[in-house]
Protein chains: 2
Amino acid sequence: MNTREKVLAAAEELFAEQGYDATSVQQVVARAGVTKGALYHYFSAKEDLLFEIYNSLFTEQTAGLDRIVAQHSDPATTIREIIDDLVITTAARTRAVTVFGREGSRLDAQRWQTLQAAWRRYQDRVRKVIREAQESGEFSSTTSPEVVSWAIFGFTNDIHTWYRPDGPKSAAVIAKELADFVLNGLSKKEDGK
Amino acid sequence: MNTREKVLAAAEELFAEQGYDATSVQQVVARAGVTKGALYHYFSAKEDLLFEIYNSLFTEQTAGLDRIVAQHSDPATTIREIIDDLVITTAARTRAVTVFGREGSRLDAQRWQTLQAAWRRYQDRVRKVIREAQESGEFSSTTSPEVVSWAIFGFTNDIHTWYRPDGPKSAAVIAKELADFVLNGLSKKEDGK
DNA sequence: AAGGGCATACCGACCGGTCGGTATTGACAG
DNA sequence: CTGTCAATACCGACCGGTCGGTATGCCCTT
């Protein structure tokens with residue numbers, strides 16, 4: 001682990017524990033075992049740490065969505081794979097999600113808006129998949145794609161508050177349960193009641 | 001609006017806009033139109049503001065749950081009413097939810113743990129309702145009460161990021177859509193497929 | 001005259017960021 | 001193989017400024 005990586009890891013831990021503002025650059029360098037000079041050799045501002053921490057996760061998740069959509073599977077499979085990927089990658093990086101969810105808005109306006117826009121695009125793509133599934137006639141249209149997607153994203157955005165890697169359920173199992181629930185929620189009733 | 005209320009309102013606005021740490025006590029008193037002396041006359045620390053802001057909402061929501069459970073309605077009705085109440089009260093106080101979700105953990109250990117415990121108790125009561133619904137045989141047990149509840153709470157915890165009072169859908173409509181979705185997700189399929 | 005309800009001036013701690021300097025490395029000339 | 005030199009990586013004392021909180025005292029109501 002080189003200096004840059006040590007700094008980033010220490011920053012992610014401390015930001016998650018105490019918050020961005022409440023963490024001083026001194027604390028970061030102390031935990032990383034480097035000096036302030038070293039930190040400012042690699043980063044031009046404290047804010048850069050915040051950006052780097054989240055950007056890596058978001059890039060990964062976007063790539064996952066690209067991969068899944070490119071397969072052109074049937075709607076149910078696609079939705080299942082999206083939920084799987086989201087839950088698993090989020091559970092693997094809970095600290096980054098904690099930090100960004102809490103303090104993402106403290107980035108400078110430019111970066112914040114860029115990330116916000118990218119995230120909105122991600123959401124829109126998921127909603128499009130849901131809408132197309134409903135329009136195919138195979139699924140119920142009772143619930144709007146917006147509300148369904150908010151249930152999914154709300155779930156994943158909150159994972160960091162309750163998921164523990166050593167808990168009784170693995171991320172994969174949780175993902176399957178959520179996918180079952182969402183697909184059942186979208187399904188039509190056979191008796192049309 | 002008396003001094004105390006003006007301070008609390010200003011603090012809620014500023015904390016939601018900029019974050020707790022990033023907001024100085026000076027800014028709070030400036031927006032409230034009072035002085036620092038006045039603020040410290042009513043509150044003994046900045047942290048008290050954070051606590052007061054969230055505590056009022058949480059107390060209200062707990063009272064709502066008490067009321068609903070006391071009615072002993074059938075499971076579907078109870079679940080629907082819980083979701084209704086949660087969505088509507090949360091939508092009405094989005095700023096408080098923003099602030100607390102982001103910075104609740106900055107309270108001193110005592111208060112934080114108290115609120116955390118109270119919130120966990122709230123969640124457990126909701127899960128109990130779901131479990132009883134499943135055990136009655138009327139609903140599917142495919143998805144665990146935990147995952148269902150996390151979908152609900154994830155949804156409500158995230159409302160503040162997208163809900164706008166002047167948006168196309170009222171909180172009541174959103175609540176109905178979510179309740180429909182959750183109840184459908186919990187339902188059994190008639191063909192047993 | 002007493003005390004609640006403030007106003008104002010101020011304090012010590014701490015913060016993000018800077019800057020002059022040093023240690024280490026590696027390419028290249030002789 | 002060795003000496004030179006520049007680039008990279010890092011050090012840590014320091015600075016201007018801000019922050020949460022306090023001390024003191026005035027006013028105005030009762």
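Convention: sequence-line order gives letters A, B, ...; per-chain numbering from 1. Just the heavy atoms: all of them, side chains too, but no hydrogens, waters or symmetry mates, feed the values below.
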For this session: Using the heavy-atom set of chain B and a strict 4.0 Å cut-off, write down the first and last nucleotide of DNA chain D that makes it in, 5' to 3'.
Result: dC19(D) to dT22(D)
Problem set entry | Hydrophobic cluster identity match, Ile88(B) and Val97(B), side-chain contacts under 4.5 Å | no
Problem set entry | Leu49(A)/Tyr42(A) under side-chain contact (heavy atoms from CB on, under 4.5 Å): CA gap, chis, key distance, verdict | CA-CA 10 Å; Leu49(A) 303 174; Tyr42(A) 290 103; over 6 Å; no
Exercise. Just wondering, more than 12 heavy atoms not from Gln71(B) lying within 6.0 Å of its CD?
Worked result: yes
Exercise. Which ones in residues 16-33 of chain A lie close to DNA chain C, meaning a heavy atom under 4.0 Å from one of its atoms?
Worked result: Thr23(A), Ser24(A), Val25(A)
For this session: Check step by step if side-chain contact (heavy atoms from CB on, under 4.5 Å) holds for Phe100(A) and Leu115(A).
Result: CA-CA 11 Å; Phe100(A) 194 74; Leu115(A) 278 176; 3.6 Å; yes
Exercise. Looking at CG of Asp124(A) and CH2 of Trp119(A), how far apart are the two atoms once the value is rounded to the nearest 0.5 Å?
Worked result: 11.0 Å
For this session: Tell me, please, which residues at least two apart from Lys176(B) pass salt bridge (charged side-chain N to carboxylate O under 4.0 Å, His left out).
Result: Asp180(B)
Problem set entry | Sugar-phosphate only, base, or nothing, as touched by Lys46(B) at under 4.0 Å among non-hydrogen atoms | sugar-phosphate
Problem set entry | Face-on cation placement of Arg111(A) at Phe51(A) ring, 6.0 Å and 45° thresholds | yes
Under 3.5 Å, side-chain donor or acceptor atoms of residues 141-151 of chain B against the rest of the protein: list the pairs with distances, not counting sequence neighbours.
unit_1: Thr142(B); atom_1: OG1; unit_2: Ser140(B); atom_2: OG; d: 2.8
unit_1: Ser144(B); atom_1: OG; unit_2: Lys169(A); atom_2: NZ; d: 3.0
unit_1: Ser144(B); atom_1: OG; unit_2: Glu177(A); atom_2: OE1; d: 2.5
unit_1: Ser144(B); atom_1: OG; unit_2: Val147(B); atom_2: N; d: 3.3
unit_1: Ser149(B); atom_1: OG; unit_2: Arg127(B); atom_2: NH1; d: 2.7
unit_1: Ser149(B); atom_1: OG; unit_2: Pro145(B); atom_2: O; d: 3.3
unit_1: Ser149(B); atom_1: OG; unit_2: Glu146(B); atom_2: O; d: 2.9

For this session: Provide the closest heavy-atom pair for Ser105(B) versus Arg102(A) in the form atom of the first, atom of the second, distance.
Result: OG-NH1, 3.7 Å
Which donor-acceptor pairs under 3.5 Å do side chains of residues 20-28 of chain B form with protein atoms, sequence neighbours excluded?
unit_1: Tyr20(B); atom_1: OH; unit_2: Glu47(B); atom_2: N; d: 3.2
unit_1: Asp21(B); atom_1: OD1; unit_2: Arg106(B); atom_2: NH1; d: 2.8
unit_1: Asp21(B); atom_1: OD2; unit_2: Arg106(B); atom_2: NH1; d: 2.8
unit_1: Thr23(B); atom_1: OG1; unit_2: Leu14(B); atom_2: O; d: 3.3
unit_1: Thr23(B); atom_1: OG1; unit_2: Gln18(B); atom_2: OE1; d: 3.1
unit_1: Thr23(B); atom_1: OG1; unit_2: Gly19(B); atom_2: O; d: 2.7
unit_1: Ser24(B); atom_1: OG; unit_2: Gln27(B); atom_2: N; d: 3.2
unit_1: Gln27(B); atom_1: OE1; unit_2: Ser24(B); atom_2: N; d: 3.0

Problem set entry | OP1 or OP2 of dG5(C) under 4.0 Å from side-chain N/O of His41(B) | yes
For this session: Compute the angle between the rotation axes at the two ends of the helix from dA1(C)-dT30(D) to dG30(C)-dC1(D), each taken over five pairs, rounded to 10 degrees.
Result: 0°
